[in-house]
Amino acid sequence: MDTISPDSPQYVYEQLAAIIERKIRSGEYAPGTRLPGELTMTHDYKVGPGTVRRALDILRDQGLVVTVRARGSFVVDPLPPSSETPEPSA
């Protein structure tokens, strides 16, 4: 399992967002599927609920997840292109 490093110069919520994005891009969380709930993520990654919420905010801003009130957060379908993908040359 991916772990959060408190010694990293990157904020904990950014690390968590990167972990979830990797799982989405790898297909572990397929398009259209529900992400684990906030309580599950706080337990699995040993972070607070605010950290999970901020990580999900990042993923929503990137267009990778949508959150439905009282239902949870879901991976978008289809996925947007990766921001790490180089732009084609002109």
Side-chain angles (χ1 to χ4, degrees):
M1 178 163 86
D2 293 298
T3 57
I4 303 289
S5 171
D7 300 324
S8 172
Q10 190 178 34
Y11 290 116
V12 173
Y13 65 89
E14 291 173 335
Q15 293 178 61
L16 180 56
I19 290 168
I20 297 168
E21 180 178 4
R22 274 195 301 277
K23 290 182 175 193
I24 290 170
R25 298 281 182 198
S26 73
E28 186 173 336
Y29 297 146
T33 60
R34 184 179 182 272
L35 294 178
E38 185 179 295
L39 289 176
T40 299
M41 284 197 258
T42 60
H43 178 265
D44 289 350
Y45 296 105
K46 296 172 181 42
V47 297
T51 300
V52 174
R53 287 185 208 115
R54 287 188 78 176
L56 290 173
D57 286 344
I58 290 171
L59 297 170
R60 275 192 296 274
D61 290 346
Q62 292 175 345
L64 292 173
V65 301
V66 294
T67 300
V68 179
R69 186 178 205 129
R71 297 215 42 228
S73 295
F74 297 82
V75 179
V76 297
D77 189 9
L79 283 176
S82 174
S83 60
E84 296 175 6
T85 305
E87 293 294 320
S89 305

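Just the heavy atoms: all of them, side chains too, but no hydrogens, waters or symmetry mates, feed the values below. Computed from a predicted structure; not experimentally measured.
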Let me confirm one number: the OG-CD distance from Ser82 to Gln62, rounded to the nearest 0.5 Å.
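CD of Gln62 is found 9.0 Å from OG of Ser82.
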Give, for atom CD of Glu28 and atom OG1 of Thr33, the distance between the pair rounded to the nearest 0.5 Å.
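That separation rounds to 10.0 Å.
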If you define the side chain from C-beta out and look only at heavy atoms, does anything of [X] sit under 4.5 Å from [Y]?
X     : Y     : value
Ile19 : Ile4  : yes
Val75 : Leu64 : no
Val65 : Ile20 : no
Ser73 : Arg60 : yes
Ser5  : Gln15 : yes

Quick check on the hydrophobic clustering: are [X] and [Y] connected, directly or via other members, by side-chain heavy-atom contacts under 4.5 Å?
X     : Y     : result
Leu56 : Val68 : yes
Val66 : Ile24 : yes
Tyr13 : Tyr29 : no
Met41 : Phe74 : yes

Side-chain donor or acceptor of Glu38 paired with backbone N/O of Val52 under 3.5 Å:
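No; judged by distance alone, with no hydrogens or angles, the pair does not exist.
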Leu59 versus Glu21, closest heavy-atom pair with distance:
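Taking every non-hydrogen atom into account, CD2-CB, 4.1 Å.
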When Tyr45 is tested against each of Leu16, Val12, Thr3 for side-chain contact (heavy atoms from CB on, under 4.5 Å), which residue passes?
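Looking at Leu16, Val12, Thr3, the match for Tyr45 under the side-chain contact (heavy atoms from CB on, under 4.5 Å) is Leu16.
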